[in-house]
Novice: 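Take a look at the following structure, please.
A note on names: the letters A, B, ... follow the listed sequences, proteins ahead of strands, and every chain is numbered from 1. These figures come from a predicted structure and were not determined experimentally.
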Amino acid sequence: MPGWSKRVAWWLGAVVGVVTIPGLWCSRGTDRAYAGDLDAQASLAAAVDGWIQRGFDEGAFSTGSALFDSEWIFGTYQMAALGFGQMALEHPDDRAALRERADRAVDRMLSERGRAFDTNAWHEDALAALTTRHGHVAFLGYANLVLSLHRRAFGDSRYASLNDALTRALESRYEASSSGLLETYPGQIFPVDNAAALASIALHSKATGLAAPKIAALLARFARHSVDPRTGLLFQQSAADGEPRDAPRGSGSALAAYFLSFADASLSRRLHEAVQRELATSAFGFRVVREYPWSTSKGRGDIDSGPIVFGFGVSATGFSLAGCRIHHDERCYRETLATANLFGVPFDRGPAGSTFVAGGPLGDAILFAMQTAPREQI
Amino acid sequence: MTTDIVDEASPSWTRDALLIAGLVVAHEVMKRFLADGGLVAALLSPGGAHSAFTLLLALLLVVVRFAIVVAVPAFLAGKAFELCAVAASRIRKRRA
C-alpha cells in the first residue's frame with residue numbers, strides 16, 4: 001500500500017479521534033451528575049468533607065497574597081456548606097449525615113480564621129460591627145446565604161438567631177445605601193458579592209416565612225445598576241455611586257446567576273442566558289466560557305477570573321456549571337462538566353471521595369456546590 | 001496475516017505502546033503526588049510562595065494530561081484507521 005494513502009488514513013483517523021474520543025471520555029458520568037445521582041454527589045461530598053476535617057494550616061493556600069489566602073479558606077467552607085445544604089434538599093433521606101458535615105463547614109466558616117479575610121481588610125470584626133453601616137458584604141452576604149440555606153434545608157437550624165441578625169444587618173445597610181450596593185472592602189464594591197447578600201435575604205424569607213417587603217425593589221435596583229444593558233452580563237466592580245468601574249465579566253455573571261437563583265429565578269435565568277450567549281463556546285463535547293465579551297478589549301486575568309487561556313476563564317467556566325443545572329440545560333451542563341473533567345484532573349480516592357487534582361480544596365468545594373446547584377426552585 | 005498488517009501499518013508499535021504506557025504511569029503518579037492541594041495556587045498565582053518544583057509538576061501534569069486525553073486517542077484512532085486501510089488494501093489485492 002502506498003505510503004501517502006496510509007498517511008491520509010492516519011490523519012483521517014486522528015481527526016475523528018480528536019473530535020470524538022476526548023469529549024466522550026471526559027463526559028463519562030456527567031449524565032448521572034446532572035440527574036443528581038446520590039453516589040456521584042456523595043463522592044464529591046466525602047472529598048470536600050475530608051478537606052474540612054483536615055483544616056487549613058498557615059500556608060495551606062499560597063496565592064502570594066495574605067488576603068486571597070484567607071478568602072480562599074472562607075470560600076472553601078462557604079461553598080462546601082452550600083453543597084451540603086443543596087444535597088440535603090435533593091436527598092432528604094441523607095439529611096442527618098449531611099447536617100453533621102454542613103455544621104462542621106459552617107462552624108469553620110464562622111470561626112475567627114474563617115472571618116479573618118474580612119476582619120483584616122476592615123480592621124474590625126464583621127460580627128461585632130453588625131449595627132454599623134460598614135458593608136462587610138463579602139462576609140455577611142456569603143455567610144448569610146449559607147445560614148439561610150442551612151435553615152431551609154435542615155429546618156431547626158442552630159444558626160437561626162445569627163441568620164436573623166445577619167439578615168437584619170444587611171437589610172438595614174441596604175436601606176441606608178444610596179446606590180443599592182454595599183462595599184466588600186473599604187472603597188471596593190463588587191456586584192456579585194451583593195448578589196449573594198440579596199439572595200441570602202430572599203432565602204431567609206423563604207426559610208422562615210417572614211416577609212421581606214423590600215427585596216423585590218432591591219433586586220430591581222441591583223439589576224438596573226449592575227447588569228450591562230448591552231450584553232446582559234454583570235459588571236465586575238462598581239463605584240460608590242453604583243456606576244460600573246470594570247467591564248461586564250464572565251466569572252461574576254456566572255456566579256451571580258447561581259446566587260440569584262435563590263432569590264429571583266428570572267434574573268438568574270437572564271444572567272445565565274447572557275453568559276451562554278455572549279461568552280460560551282462549545283466544540284467536540286466541551287464548553288468553555290470567556291471571562292470578557294468579544295466586544296470588550298482584552299482584559300487581564302486576576303484572582304477572580306483564575307487563569308485566562310485564549311480568552312477563556314477557569315472561574316467563568318466552572319461557575320457557569322450551576323446555571324446550566326438550575327435552568328435545565330443538560331447539554332450545557334454535560335459539556336461544561338466535561339471541560340472540568342479534562343482540566344480539573346478528577347482523581348477517585350475510593351471511600352475518601354473524588355477530588356479534582358487541579359482544583360485543590362477550593363476547586364473541589366466550588367465544583368461540589370456548582371454540580372449540586374438546585375434544579376428545582378427552593 | 002494480522003501481524004503483517006500491524007507491522008506494515010505501525011512498524012514501531014512496541015515503542016509506541018511503551019511510550020503510551022509511560023505517559024499513563026506518569027499521569028497516575030503525578031495525580032497521586034499532587035492530589036493534596038497546592039497545585040491550584042501554583043497554577044493561579046505563579047508568583048506565590050509555593051515551590052518552583054510544584055509549579056513545574058503542575059505544568060507537566062497539564063501537558064501529560066492533554067497528551068493522554070487528546071493526543072493518545074487521536075494517535076490510536078489514526079493507527080486504527082491506518083490498519084483498516086492496509087487490511088482493505090490487502091483484501092482488494094487478494095481478490096484481484
Novice: A/D31: which residues meet the salt bridge (Lys or Arg N to Asp or Glu O under 4.0 Å) condition with it, sequence neighbours left out?
Specialist: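 With sequence neighbours excluded, A/D31 shows a salt bridge (Lys or Arg N to Asp or Glu O under 4.0 Å) to no residue whatsoever.
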
Novice: What is the minimum heavy-atom distance between B/A85 and A/A9, and which atoms define it?
Specialist: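 Closest approach of B/A85 to A/A9, heavy atoms only: CB-CB, 3.6 Å.
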
Novice: Looking at chain B, which one of A/V18, A/T355, A/L342 has the largest number of heavy-atom pairs inside 4.5 Å, strictly under?
Specialist: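 Option with the greatest count: A/L342.
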
Novice: For chain A, which residues of residues 63-73 of chain B have at least one non-hydrogen atom nearer than 4.5 Å to it?
Specialist: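 Checking residues 63-73 of chain B against chain A gives B/R65, B/V69, B/V70, B/P73.
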
Novice: Taking atom CZ as the centre, does A/R54 end up with more than 12 heavy-atom neighbours from other residues, nucleotides or ligands that are less than 6.0 angstrom away?
Specialist: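 Yes, because the 6.0 Å sphere around CZ of A/R54 holds more than 12 heavy atoms from other groups.
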
Novice: How would you list all residue pairs meeting side-chain hydrogen bond (donor to acceptor under 3.5 Å, both in side chains) that involve residues 17-28 of chain A, not counting sequence neighbours?
Specialist: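 Applying side-chain hydrogen bond (donor to acceptor under 3.5 Å, both in side chains) to every pair that reaches into residues 17-28 of chain A, excluding sequence neighbours, yields nothing.
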
Novice: Find the distance between CE (B/M30) and CZ (A/F347) and round it off to the nearest 0.5 Å.
Specialist: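 Reported value, rounded in 0.5 Å steps: 13.0 Å.
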
Novice: Sorted by first residue and then second, give each salt bridge (Lys or Arg N to Asp or Glu O under 4.0 Å) pair with at least one member in residues 21-30 of chain B; sequence neighbours left out.
Specialist: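 Residue pairs with at least one partner in residues 21-30 of chain B: B/E28-B/K31, B/E28-B/R32.
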
